[in-house]
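Have a look at this one before I ask anything.
Letters A, B, ... mirror the listed sequences (proteins, then strands); counts begin at 1.
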Amino acid sequence: MSEQNIPYEETDLYRIRHSSAHVMAEAVLEQFPEAKLAIGPPIEDGFYYDFDLGKDDNDKPITFSEEDLEKIEAKMKQLLKKNAPFEHSSMSIAEAEQFFADQPYKIELIEDLAAGRLDENGNPTTEPANEVSIYKQRDFVDLCRGPHVKFTKQVKANAVKLLRTGGAYWRGDEHKPQLQRIYGTAWHNRVELEQYLERLEEAKARDHRRLGKDLGLFHISPLVGAGLPLWLPKGTVLRMQLEDFLRQAQTARGYLPVITPHIGKLDLYITSGHYPYYKDSQYTPIELDDDKFLLKPMNCPHHIEIYKSQPHSYRDLPLRLAEFGTVYRYEQSGELNGLTRVRGFTVDDSHLFVTPEQLEDEFIAVVDLIQYVFETMGFHDFRARLGVNDSDSDKYAGTPEMWAQGIKAIKQAADKAGLNYVVEEGEAAFYGPKLDFIFRDVLKREWQLGTVQVDFLLPERFDLEYTAVDGQKHRPIMIHRAPFGSMERFVGILIEHFNGAFPLWLAPVQVTVVPIADRHNAYAYEVADKLKQAGMRVEVDASSDRMNKKIRNAQLQKIPYMLVVGDREAADGTVAVRTRANEDRGDMALSVFIEQATTLVETKSMDL
RNA sequence: GCCGAUGUAGCUCAAUUGGCAGAGCAAUGCUCUUGUAAAGCAUAGGUUAUGGGUUCAAAUCCCAUCAUCGGCUCCA
């Protein structure tokens, strides 16, 4: 398409979606004449519009029902076909305030525009506006910067669909009124719409919650607790492959393993400064006698205490302490989601204690490790984001100097490593700036995974020191880092990315041996034993099912290899190799298969 | 946490307006001994998420709680 290289805001699709939002609002007003309009922008793949429908007799907010949505969609399609031009004009602030007098949200937007505070998207503006831009189709007039299509008919009625409703806070602030949002999608034509809907179906089919159940990877029991996943044997095998891989990579890079308990005294987190920041998302402290203990929300304080357990010379540094450390955060109930958003999760955590001279090299080495990990996973589409503090936010600790120093260190190291990154305000940790690695999966969805943070604050808080060449005590700097981020989220993403068909080295079961009839079971077990001796994870399907059924079951479990064995194979010492890609490779000597498979495992190949 | 929807067998779903809770798959048993994506027959499986309430009668209506899903806010 010709639109690929121009900004989204300038594309036809953007206009189509923006115009769809207006026509949808027009349709809503026909059904709900009292609705107050908030904002209705185009978004990725579609658009939304927020409405305030007022309260019912019981003072409960009026919401859209599913039937409402259908009616609105039908009405909207009618309005699209009943052609009308989008007319652009402007009004003075005073005119606009009068015109939108019964639209409080529009008034707020107009006032912000007039004062030069915020534009209609909530972004800061530089200059106060004298007049505002408006768009009109038929009797529907909206405060809007545009652009729009010229006529409503340019939005094809069969290329638009309303998807869902939901609550949304005015201006994204949970202390402000909650509005009713309708999401819709709009495309150039019907075919594109259908393709998009298919994409949604595809995403649903690879949902890790669905696959996690079907493939027996994890389970979440309400009795254990929401957001506290139980790892089933197959999920555990998968996770352990990841952990072993990283552990090995870390050992090769001079990391030292440590293990720390799941709780710690409240005082520890008060010293670290975590407590005030995590108070709201924290399991309440456990009180015993005169002490209070917290389920740890972070591993750093424990690792710091390990550092402090003995005096350090500059010769000991950098000290790289690594642990798969499980932390607990009491996330809001509405936030929980399978493995990707949980209340107890394991961070592939490490804390590096370094001298100022070592900071840059160590940071680069960490970035290098993260990239190595991603590449090994077959994650090639990722970007980096430098999260810095928000100048006017009070949620960050430390001095401006510390922040400047940290940001500078990250920038220098990232530049030296040749890494492209974008800077985003308000994306820092409370104790320092961080570099996040954001991965785009096969469905083009973005996930924040690995993270590296430079920290001058905690060494200060805990009064960390080492003896330098000059014989004086100096303050080390800490680097916090986690390539996977959290094992739970990472595995969740991995499941969706691979659609449950993991590369051989990660597959919980790598091979299923399929005996054709009972009399082949003995040979099947013999084959399985040899595979196990070669380090393969293998199952024998000795059930009374037909061979076809056994193959089907293995296919559904996305097991990489099915080895069919019958009279021929038993006589020749061979196996008939079939892959989950429906590929029949015919008979081959077992030794040849083992040779091939183990090589693929060793090289962590994506191929079968 | 907020707004909305949902919760029936291990899984996927049925059950007219309130009137005896059912099917497919999975499980178990038996028969068949099978050559690359579902053999046949039989058996078992449920306090309809939990706790209250309305009713002669509740899976169905009402209330509360828990959980899940879709959004918002927040985040690894």
(request) Answer yes or no for A/Arg239 and A/Trp231: cation-pi contact, defined as NZ/CZ to six-membered ring centre under 6.0 Å and angle to ring axis within 45°. (result) yes
(request) Using atom types as modelled and distance alone, determine if a side-chain donor or acceptor of A/Lys234 lies under 3.5 Å from a backbone N or O of A/Val509. (result) no
(request) Record whether the side chain of A/Asn548 comes under 3.5 Å of the base of B/U36 through a donor-acceptor pair of N or O atoms. (result) no
(request) Please state the P separation for the pair B/A59 and B/G18 - nearest whole angstrom. (result) 13 Å
(request) Give a yes or no on whether a salt bridge exists between A/Arg578 and A/Asp584, defined as a side-chain N under 4.0 angstrom from a carboxylate O. (result) no
(message) Rounding to an integer number of angstrom, what distance separates B/G35 and B/U47 when you compare their C1' atoms?
(response) 49 Å
(message) Does this structure show an ion pair linking A/Asp214 with A/Arg210, if we count only N-O contacts that are shorter than 4.0 Å?
(response) yes
(request) For B/A15 versus B/C20, give the span between their P atoms, rounded off to a whole number of Å. (result) 14 Å
(message) Quick check on RNA chain B: between A/Asp214 and A/Arg568, whose nearest nucleotide comes earlier from the 5' end?
(response) A/Asp214
Produce the list of close N/O pairs, under 3.5 Å, pairing protein atoms with atoms of nucleotides 60-69 of chain B; give distances to one decimal.
from, atom 1, to, atom 2, distance (Å)
B/C69, OP1, A/Arg209, NH1, 2.7

(message) So that I can tick it off, tell me whether A/Asp349 and A/Arg481 are bridged by a salt bridge, with the cut-off set at under 4.0 angstrom between side-chain N and carboxylate O.
(response) no
(message) Using atom P in both nucleotides, what's the gap between B/A23 and B/A14 to the nearest angstrom?
(response) 16 Å
(message) Counting distance alone, no hydrogens or angles: does the base of B/C75 have a donor or acceptor under 3.5 Å from a partner atom on the side chain of A/Glu331?
(response) no
(request) Measure from CD1 on A/Ile493 to P on B/C75 and round the result to the nearest Å. (result) 17 Å
(message) Using the C1' atom as the point on both nucleotides, what is the distance between B/G45 and B/G29, in whole Å?
(response) 15 Å
(request) Please report, rounded to the nearest Å, how far the P atom of B/G71 is from the CG atom of A/Asp173. (result) 21 Å
Please tabulate, one pair per line, each protein N/O and nucleotide N/O from nucleotides 5-10 of chain B that are separated by under 3.5 Å, including the distance.
none

(request) Could you check how far CZ of A/Phe345 sits from P of B/C74, rounded to whole Å? (result) 17 Å
(message) Can you measure A/Glu569 atom CD to B/U36 atom C1' for me and round it to whole angstrom units?
(response) 11 Å
(message) Using heavy-atom distances to pick each residue's nearest nucleotide on RNA chain B, tell me which of A/Pro61 and A/Gln332 is more 5'.
(response) A/Gln332
(message) Counting only Watson-Crick pairs (N1-N3 plus N6-O4 or O6-N4) and G-U wobbles (N1-O2, O6-N3), all under 3.5 Å, who is the partner of B/A39?
(response) B/U31
(request) Return the nucleotide paired to B/C2: Watson-Crick means purine N1 to pyrimidine N3 with N6-O4 or O6-N4, wobble means G-U with N1-O2 and O6-N3, both under 3.5 Å. (result) B/G71
(request) Could you tell me whether the side chains of A/Asp441 and A/Trp447 share a donor-acceptor contact shorter than 3.5 Å? (result) yes
(message) Please determine whether a side-chain nitrogen of the Lys or Arg among A/Asp545 and A/Lys550 lies less than 4.0 Å from a carboxylate oxygen of the Asp or Glu.
(response) no
(request) Rounded to whole angstrom, note down the C1' distance from B/U34 over to B/A38. (result) 14 Å
(message) Please find the pair of heavy atoms, one from A/Tyr269 and one from A/Ser272, that lie closest to each other, and give the distance.
(response) O-OG, 3.1 Å
(message) Using only modelled atom types and a 3.5 angstrom limit, is any donor from either the side chain of A/Arg546 or the base of B/U34 paired with an acceptor on the other?
(response) yes
